[in-house]
2 protein chains.
Amino acid sequence: MTDAQRSGCPINLSLEVLGDKWSLLIIRDMMFGNRRHFRELLTKSEEGISSNILADRLKTLLEQGIITREDDPTHKQKGIYSLTEQGIELLPVLAQMAAWGYKYLPVTEELGIRARLLSEGGPKMWAEFMDELRESHLGAKRRRRGGPSVGERLQAAYESVVNGN
Amino acid sequence: MTDAQRSGCPINLSLEVLGDKWSLLIIRDMMFGNRRHFRELLTKSEEGISSNILADRLKTLLEQGIITREDDPTHKQKGIYSLTEQGIELLPVLAQMAAWGYKYLPVTEELGIRARLLSEGGPKMWAEFMDELRESHLGAKRRRRGGPSVGERLQAAYESVVNGN
DNA sequence: ACAACCAGTTGCAAATCGCAATCAGTTAGG
DNA sequence: CCTAACTGATTGCGATTTGCAACTGGTTGT
């Protein structure tokens, strides 16, 4: 990992960290799929990342302070990966990217439903979801709201499509 | 350009098109730097893209419908690259990415000022800027507003920082 | 004891990247 | 005209990154 530093432009610096085909997918799976272990990220993703790439990206994301790793008390070899606040704040980036992809690219119905809901929900829903992530990844206390969480609503919508309404 | 199609997820599909270190920088320069010719994109960027990569990315962006190319009437070899509506709608993605980079990465003051203004301006300012881009890239008529345009304001702020207030 | 599971690592071929040199056509100046 | 500078690229080549498969060393459940 050599720090290139091509320029001090915020977009360029972001791309130097996240500008590849896998890093944001890992973040996506941690956010929306609740994948927290190496094996979950490796096998339960749509795209099929290979283990060496996954190991390399997790290392980079750790170094960049986007995720953290702690030992799983139930298994000496397992690690639990969590998003940091910095990582959680990538949600708006992913949400905008998902909205753009949903609008212009050949998205399948099952995998597009989350993007549609998140786009329709707008920044207010994003903020609510980020609060939920702060609870599950940072252990932060969250002001409870009535009804199902954003995460639950997204998951329910996905399953609804898969099971044919 | 093989169409991989790893999955129909909107985030994945977006990354298959834009997930590299240069594509979004080219879009950035077309949006904020008003670069419209090959040579401008090649030489007037902070990061120094090489000509073969630039040619390849422009080709891909053309194929994807994110930009268009037309002949420059003043020079038989020159082409004018323009953003399509699809390309213009990448602005929110870039804006969120810039805001994140501005907050968490070692951004220089000169190159960060645009990100700060755009972040503070929020979606309303983005929409206004996108309307300006529709005018300059698509030839669309725009409802004129009083005062300087968003593009002018961003440029003025940048120069103000460079010249030491 | 043994099979399944865990987080990675290694080896290697293929693809991509980055740099410099080069190309052929176009334009401006003398 | 003639030439020099400029146009959008293309080519060659070494270095890096990727993708795949096999493998490692350790842990857990039966």
Side-chain angles (χ1 to χ4, degrees), chain A residues 1-7 12 15-26 29-30 33-64 67-82, chain B residues 1-7 12 15-26 29-30 33-64 67-82:
Chain A
M1 284 302 128
T2 55
D3 19 37
Q5 292 288 96
R6 298 183 297 189
S7 88
N12 174 60
L15 286 172
E16 288 188 11
V17 177
L18 304 165
D20 73 273
K21 298 216 188 310
W22 291 111
S23 298
L24 284 174
L25 289 184
I26 294 170
D29 285 346
M30 291 182 70
N34 203 35
R35 317 269 189 260
R36 306 291 289 271
H37 303 289
F38 189 94
R39 224 62 183 185
E40 287 179 333
L41 288 164
L42 185 67
T43 59
K44 295 183 186 172
S45 89
E46 288 282 331
E47 293 84 9
I49 190 171
S50 51
S51 58
N52 54 348
I53 306 286
L54 176 58
D56 179 81
R57 293 304 184 281
L58 287 173
K59 195 175 129 198
T60 305
L61 292 172
L62 276 169
E63 288 168 358
Q64 292 292 331
I67 62 176
T68 55
R69 191 208 134 111
E70 57 188 321
D71 291 336
D72 185 334
T74 73
H75 192 302
K76 282 186 183 171
Q77 272 182 319
K78 265 186 175 172
I80 303 179
Y81 292 97
S82 300
Chain B
M1 285 304 127
T2 54
D3 20 35
Q5 293 288 95
R6 296 183 298 188
S7 87
N12 173 58
L15 286 172
E16 287 188 11
V17 178
L18 303 165
D20 73 274
K21 297 215 187 314
W22 290 111
S23 298
L24 284 174
L25 289 184
I26 294 170
D29 284 346
M30 290 182 72
N34 204 36
R35 316 267 189 261
R36 304 291 288 271
H37 303 289
F38 188 94
R39 223 63 182 186
E40 287 180 332
L41 288 163
L42 185 67
T43 59
K44 295 183 185 172
S45 89
E46 287 282 332
E47 293 85 9
I49 191 171
S50 52
S51 58
N52 53 349
I53 306 287
L54 176 58
D56 179 81
R57 294 303 184 281
L58 287 173
K59 195 174 130 199
T60 304
L61 292 172
L62 275 167
E63 288 169 358
Q64 293 291 332
I67 62 174
T68 55
R69 189 208 136 111
E70 55 187 324
D71 291 336
D72 185 333
T74 73
H75 192 302
K76 282 186 182 171
Q77 273 183 316
K78 264 185 174 172
I80 303 179
Y81 293 97
S82 301

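All chains are named by letter (A, B, ...) in the order of the sequence lines, taking the proteins before the strands, and each is independently numbered beginning at 1.
- Residues passing the side-chain contact (heavy atoms from CB on, under 4.5 Å) test with Q77(B), sequence neighbours excluded: H75(B).
- Under the rule for a salt bridge (charged side-chain N to carboxylate O under 4.0 Å, His left out), D29(A) has no partner lying at least two apart in sequence or in another chain.
- When the C1' atom of dT28(D) is taken as reference, atom CG of D71(A) falls 16 Å away, rounded to whole Å.
- The nearest whole Å value for the distance from the CZ atom in F38(B) to the P atom in dG25(C) is 18 Å.
- Going from atom CG of D72(B) over to atom P of dC6(D) covers 17 Å, rounded to whole Å.
- Taking the side-chain contact (heavy atoms from CB on, under 4.5 Å) definition, one finds that E46(B) meets it with S7(A), L111(B), sequence neighbours left out.
- Atom CG of L41(A) and atom P of dC5(C) are 18 Å apart (whole Å).
- When rounded to the nearest whole Å, the span between CD of E40(A) and P of dC6(C) equals 9 Å.
- Annotation: side-chain contact (heavy atoms from CB on, under 4.5 Å) contacts of R69(A) (sequence neighbours excluded): L62(A), D71(A), Y81(A).
- Set against dG8(C), dA9(D), dA7(C), the side chain of H37(A) has dA7(C) as its closest nucleotide.
- Taking atom CD on E47(B) and atom P on dG18(C), their separation rounds to 12 Å, with Å as the unit.
- Per the geometry, CD1 belonging to I49(A) stands 14 Å off C1' belonging to dA7(C), to the nearest Å.
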Self-check item: Nucleic acid footprint by protein, nucleotides 18-27 of chain D - heavy-atom cut-off 4.0 Å, B for base, S for sugar-phosphate alone
Solution: SBB-B--BBS

Quiz item: Hey, mind stepping through L41(B) and I26(B) against side-chain contact (heavy atoms from CB on, under 4.5 Å) and telling me if it holds?
Solution: CA-CA 7 Å; L41(B) 288 163; I26(B) 294 170; 4.3 Å; yes

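- The side-chain contact (heavy atoms from CB on, under 4.5 Å) search around K44(A) returns R35(A), E40(A), not counting sequence neighbours.
- Between the CG atom of L42(B) and the C1' atom of dA20(C) there is a distance of 13 Å, given to the nearest Å.
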